[in-house]
Amino acid sequence: MMDENFRRTVILIAEHDDEGTIGFVLTRPVDIEIQGLISAFPKLKARVGYGGPVGQDSVHYVHKLGDELKESLPITDGLWWSGDFDQLISMVDLGKVKTSDILFFIGYSGWSPGQLDEEIKAGSWIVSSVTVKEVLNDDPKEMWKSSLKPINSNFKVISEMPDSDLYN
């Protein structure tokens with residue numbers, strides 16, 4: 001994809017329905033702590049990433065807290081997004097949330113109804129599954145490469161090419 005927002009990215013789709021699609025870029029960490037975005041947030045060394053070009057004034061999160069965090073929305077087995085933010089703060093204060101339990105995002109990626117399906121049909125995206133471990137614990141800078149390698153040998157070759165060779 002030539003768009004700088006999505007070039008060499010892995011996107012976690014959090015919601016996909018008749019109203020559109022919401023996802024988060026997993027491969028663009030930012031060098032800021034959550035307290036730099038929300039000063040009242042308790043001390044937690046959680047990873048923060050660029051979620052996408054939409055809603056840059058918003059903070060989102062995916063986690064494995066599940067039903068422990070009210071209003072959480074399931075993504076897949078063992079992985080949720082959003083939830084009661086005040087309760088999340090309380091859980092962090094009480095030591096019930098570990099760094100490996102949560103990932104924060106600045107902004108999100110969004111598609112209008114049917115838009116992502118059309119982009120997939122056009123070959124703009126490669127669809128695959130991810131595990132909770134990959135989402136929350138893998139090195140985001142290596143995730144694009146590691147997610148392409150198992151698909152087929154052509155993608156393994158592409159994953160090893162320097163960025164400049166792919167787009168020139």
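Partners of Thr131 under the side-chain hydrogen bond (donor to acceptor under 3.5 Å, both in side chains) rule, at least two apart in sequence or in another chain, are Glu134. Residues that satisfy the side-chain hydrogen bond (donor to acceptor under 3.5 Å, both in side chains) test with Trp111, not counting sequence neighbours, are Glu119. Every residue meeting the side chain to side chain contact (heavy atoms under 4.5 Å, CB included) condition with Pro29, not counting sequence neighbours, appears here in chain and number order: Pro140, Lys141. Residues passing the ring pair (Phe, Tyr, Trp, His ring centres under 6.0 Å) test with Phe104, sequence neighbours excluded: Phe41, Tyr61. Every residue meeting the side chain to side chain contact (heavy atoms under 4.5 Å, CB included) condition with Ser72, not counting sequence neighbours, appears here in chain and number order: His63, Leu69, Trp80. Every residue two or more places apart in sequence or in another chain that forms a side chain to side chain contact (heavy atoms under 4.5 Å, CB included) with Ile120 is listed here: Leu116, Trp125, Val127. Applying the side chain to side chain contact (heavy atoms under 4.5 Å, CB included) test to Pro42 and every residue at least two apart in sequence or in another chain returns Ile89, Val92, Asp93. Listed by chain and residue number, Gln115 satisfy the side-chain hydrogen bond (donor to acceptor under 3.5 Å, both in side chains) test with Ser112 (two or more places apart in sequence, or in another chain). Evaluation of the ring pair (Phe, Tyr, Trp, His ring centres under 6.0 Å) rule for Phe105 yields Phe24 as partners, not counting sequence neighbours. Evaluation of the side-chain hydrogen bond (donor to acceptor under 3.5 Å, both in side chains) rule for Lys121 yields no partner, not counting sequence neighbours. Here Lys133 pairs with Asp138 under the salt bridge (Lys or Arg N to Asp or Glu O under 4.0 Å) rule; sequence neighbours left out.
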For this session: List the steps, then state whether side chain to side chain contact (heavy atoms under 4.5 Å, CB included) holds for Lys64 with Val135.
Result: CA-CA 10 Å; Lys64 60 182 182 181; Val135 171; over 6 Å; no
Exercise. How far apart are the C-alpha atoms of Leu26 and Thr9, what are their side-chain angles, what is the distance that settles it, and do they pass the side chain to side chain contact (heavy atoms under 4.5 Å, CB included) test?
Worked result: CA-CA 7 Å; Leu26 295 174; Thr9 61; over 6 Å; no
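Looking at every heavy atom in both residues, Leu37 comes nearest to Ile106 through CD1-CG1, 3.6 Å. The shortest non-hydrogen separation linking Ile75 to Ile13 is CG2-O, 3.4 Å. The shortest heavy-atom contact between Lys96 and Asp101 is O-OD2, 4.1 Å. Minimum heavy-atom separation, Thr27 to Arg8: OG1-O, 3.7 Å. Between Ile102 and Leu136, the shortest heavy-atom contact is C-CD2, 4.0 Å. Contact detail for Gly52 and Ser109: the closest heavy-atom pair is CA-OG, 3.5 Å.
Note that CD1 of Ile38 and CZ of Phe85 are 3.5 Å apart. Values are rounded to the nearest 0.5 Å. To the nearest 0.5 angstrom, Glu118 atom CD is 10.5 Å from Ser124 atom OG. Note that the CD1 atom of Ile22 and the CD atom of Glu15 stand 5.0 Å from one another [nearest 0.5 Å]. Atoms NZ and CG, on Lys70 and Asp86 in that order, are 10.5 Å from each other to the nearest 0.5 Å. For the atom pair Asp84 CG and Leu65 CG, the distance stands at 12.0 Å (nearest 0.5 Å).
Counting only distance, with no hydrogens or angles, the side chain of Gln87 and the backbone of Glu68 share a donor-acceptor pair below 3.5 Å.
When side chains are defined from C-beta on, Ile34 counts as touching Val59, because their heavy atoms get closer than 4.5 Å.
Annotation: Asp67, atom CG; neighbour count of heavy atoms from other residues, nucleotides and ligands within 6.0 Å does not exceed 12.
Counting only residues at least two apart or on different chains, the side chain to side chain donor-acceptor pair (under 3.5 Å) pairs with a member in residues 30-47 are Glu33-Lys43, Glu33-Lys45.
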